[in-house]
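Just the heavy atoms: all of them, side chains too, but no hydrogens, waters or symmetry mates, feed the values below. Quick note on labels: first sequence line is chain A, next is B, and so on, each numbered from 1.
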Number of protein chains: 4
Amino acid sequence: MGRSARLNKQMRDASTRRILKAALRHFATHGYAGTSVRMIARSAGVSVGLLYNYFPTKADLLGALFEESMRDVQASFASADAAATPSERIERLVRSAFEILEKNRDFWRLSYGVRMQPAVVTGLGKRLEMWTATIQSTLGRYLREAGSRQPELDAALLFALIDGVSQHYVLDPRGYPLAEVADRIVALFTRYVDSTAPDST
Amino acid sequence: MGRSARLNKQMRDASTRRILKAALRHFATHGYAGTSVRMIARSAGVSVGLLYNYFPTKADLLGALFEESMRDVQASFASADAAATPSERIERLVRSAFEILEKNRDFWRLSYGVRMQPAVVTGLGKRLEMWTATIQSTLGRYLREAGSRQPELDAALLFALIDGVSQHYVLDPRGYPLAEVADRIVALFTRYVDSTAPDST
Amino acid sequence: MGRSARLNKQMRDASTRRILKAALRHFATHGYAGTSVRMIARSAGVSVGLLYNYFPTKADLLGALFEESMRDVQASFASADAAATPSERIERLVRSAFEILEKNRDFWRLSYGVRMQPAVVTGLGKRLEMWTATIQSTLGRYLREAGSRQPELDAALLFALIDGVSQHYVLDPRGYPLAEVADRIVALFTRYVDSTAPDST
Amino acid sequence: MGRSARLNKQMRDASTRRILKAALRHFATHGYAGTSVRMIARSAGVSVGLLYNYFPTKADLLGALFEESMRDVQASFASADAAATPSERIERLVRSAFEILEKNRDFWRLSYGVRMQPAVVTGLGKRLEMWTATIQSTLGRYLREAGSRQPELDAALLFALIDGVSQHYVLDPRGYPLAEVADRIVALFTRYVDSTAPDST
DNA sequence: CATGAATGAGCGTTCATTCAT
DNA sequence: TATGAATGAACGCTCATTCAT
């Protein structure tokens, strides 16, 4: 009857994990196009053939990595949504964005490196577009609830700010004042309620 | 310089321009890795051999494109520097950033697509780092002069904001409210003097 | 033979049959080289490992299919041999050739597709050569008995005719007048008896 | 201005010829699927890259070989068409079929090896089908003109006979009595004129 | 200055086969 | 007996780069 189903699953999972880990590391370091499937397989300590047993194409590797991380982001959103006040929702969102970023720097480096390359993003494309649209509209809703007079515009700004900071951080994390920046952003975008000048200290 | 020498130079310049134009178009559309030197040569209407006479490697093409655009940015900085008040310097800088962006969308698309890939950026790397460092410190100086109490932090924020907006715009320019965003950014970062709430309309 | 041994044999036979059936279908449809062992195993509902238990190499699958069909042909020959007159022997041979063809189109499609590729036919080669030699000499004998003045030459012609018709039929059976063709061939090659030499110069 | 156009053409033609020659040899010997592009390039004494300069895909190599040989066949047909009497037309056709066969055994071996593999023949397919249809209908016309009472059926027979003989010859030319077979076929299919119906029932 | 024929390492992918369980 | 995870050589093809002319 072959190996036990449990053992098979264990072997499969172990290999899959190592492959994904190696793929992420290389994609983040050398970019998607600059990484060969051979490099990934060698780093993961498996044969090319086995890699292709689990991921039918190189693009599927990328897809799996995105799938994984989108779950993280979705969880953050859900948690932010549960907060009591509008301001808190915004704060949680911003803070968790940077937490996710720090926790998974390699993935975000990869993500930002790949986003501009339409050929690579094909297939990923639809999901990515929906993703950013969701983020933008959620931000808009939170900001309107928090008293913003131009929630759409503010959402665009906030989103761009988070994205820009994330990229700068990911490009060269050494010495980047991520915590202070986060505080400042939170302050800037949660002060609508008490009509205080948001950028004054 | 004899007549034929001058003619030669003219031809060389014309070819160079055509090559760079074709390179930019393809790099922006298909990415750096996704563009072959052959494609560029054909689009430019020259032979591969000639292209290699002018640009010894594919990376040199990329380098030349960056060189060109850095000159643009430097010019903007110089012009901003000439403004009368600190606030005006900031305003000019922000506005010219977005002007440059609109004028040369292809380049910025390419730039953001390539920035995360160290292998590609090798050689470019040093210059790019210096570039961003200069921008950051100039922004810091302006902001300090404009009354910011945390000019370094504000510079990081402003830089990230400009970069983030630029990328979102370049990813999908249709319907992006670039002008309003610019106004808002200018307002946000030039209000230190009169202590007015920066996000009120 | 104990009960479980018999059961084992039954299972083995059932698997073997399913594997061969699947192999034939795929070989005929996609060609020998275009069919992977995996595809066959999946179609047969067995694991690759089990398939390799029964057929040590891919070529052995092909070999087994040929073996099977050679038995068919041999049976036809034996039956033809039992006929009363030379003409009847020839008629039976021709008719059964086309019966076998219609009954097992997939196999003959495969056979004609593979015949010209020595690398594929290695190992098969010797047996195939002997096979055709036997057919040719049997045909020759029948024709001599039936009164042909050049039995070897006529055998070559008859063999070529059967083979050519078979291939044309198998290439595109729709609308091929197989029955009429058979009648005509029989007529052509059984008229020696009445000593009218329709084909003599 | 680069090499002279003439020299370039010479180089290109020389390489192309060597590549096609090597391709034909290998395809005929090991089959289409069994031949790797590397093998062809090595045999031709060129690099893989150069081969792909001239033949964008492996299938194009096959296509070029077919193109070449179809021209031969078409020429034969034209020449047969010019004959004075129906019988002569048939005779010329049959004889030239076998002449072409002897002159280019490798190609015909390849052709028969490939005909049954739909995947390979894709693209070739349409042309091949038209080709055989043309042959069949031309044969039919000739036979009707020559007095056949069932020209379509006779055409099918004659075509199958030529094809069958060709394949047997090509499979193992040593000792195959091609000349005698040709004579016999000509005799069989040109006797309609004297209104002795040798094949009528 | 200008051409394009020529190179060959490397890419993503497939697949017959092996073997621990 | 039966499984499917694992291997790695080979495939078709691409492409940055060189060089004789």
So which nucleotide from E/dG4, E/dG12, F/dT3 ends up closest to the side chain of C/L50?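 Selected nucleotide (nearest to the side chain): F/dT3.
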
As a test of reading the structure: which of E/dG4, F/dG4, E/dG12 is closest to the side chain of B/S47, going by heavy atoms?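 Selected nucleotide (nearest to the side chain): E/dG4.
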
Base partner of F/dG12, which must satisfy Watson-Crick or wobble distances under 3.5 Å: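 Across any shown strand, F/dG12 pairs with E/dC11.
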
Counterpart base for F/dA20, defined by Watson-Crick or G-U wobble contacts under 3.5 Å: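 Base partner found: E/dT3.
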
Nucleotide [N], atom [atom2] - distance to [atom1] of [X] in whole Å:
X: D/Y54; N: E/dG4; atom1: OH; atom2: P; value: 11 Å
X: D/N53; N: E/dT3; atom1: CG; atom2: C1'; value: 14 Å
X: A/Q10; N: F/dG4; atom1: CD; atom2: C1'; value: 15 Å
X: B/I19; N: E/dC1; atom1: CD1; atom2: P; value: 12 Å
X: C/Y52; N: F/dT7; atom1: OH; atom2: P; value: 17 Å
X: B/I40; N: F/dC15; atom1: CD1; atom2: P; value: 11 Å

Could you tell me whether [X] contacts a base, only the sugar-phosphate backbone, or nothing, with contacts defined as non-hydrogen atoms closer than 4.0 Å?
X: C/S15; answer: nothing
X: A/V48; answer: base
X: C/F55; answer: nothing
X: D/V37; answer: sugar-phosphate
X: D/T16; answer: nothing

Has A/R12 got a side-chain N or O lying under 4.0 Å from the OP1 or OP2 atom of F/dA5?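 Yes, A/R12 has a side-chain N/O under 4.0 Å of OP1/OP2 on F/dA5.
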
So which one's nearest nucleotide on DNA chain E is more toward 5', A/G49 or A/L7?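 By nearest-heavy-atom nucleotide position, the 5'-most residue is A/G49.
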
Exam field: side chain [X] to backbone [Y], donor-acceptor pair closer than 3.5 Å:
X: B/Y32; Y: B/A59; answer: yes
X: B/R109; Y: B/V170; answer: yes
X: A/K58; Y: A/S36; answer: no

Is any side-chain N or O of A/R38 under 3.5 Å from a base N or O of E/dG12, one able to act as donor and the other as acceptor?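 Present.
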
Shortest non-hydrogen contact from B/L65 to B/L20?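 Heavy atoms of B/L65 and B/L20 come nearest at CD2-O, 3.7 Å.
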
Begin with the C-alpha distance, continue with both residues' side-chain angles, and end with the deciding distance and a verdict on side chain to side chain contact (heavy atoms under 4.5 Å, CB included) for C/V37 and C/F55. CA-CA 10 Å; C/V37 174; C/F55 303 95; over 6 Å; no

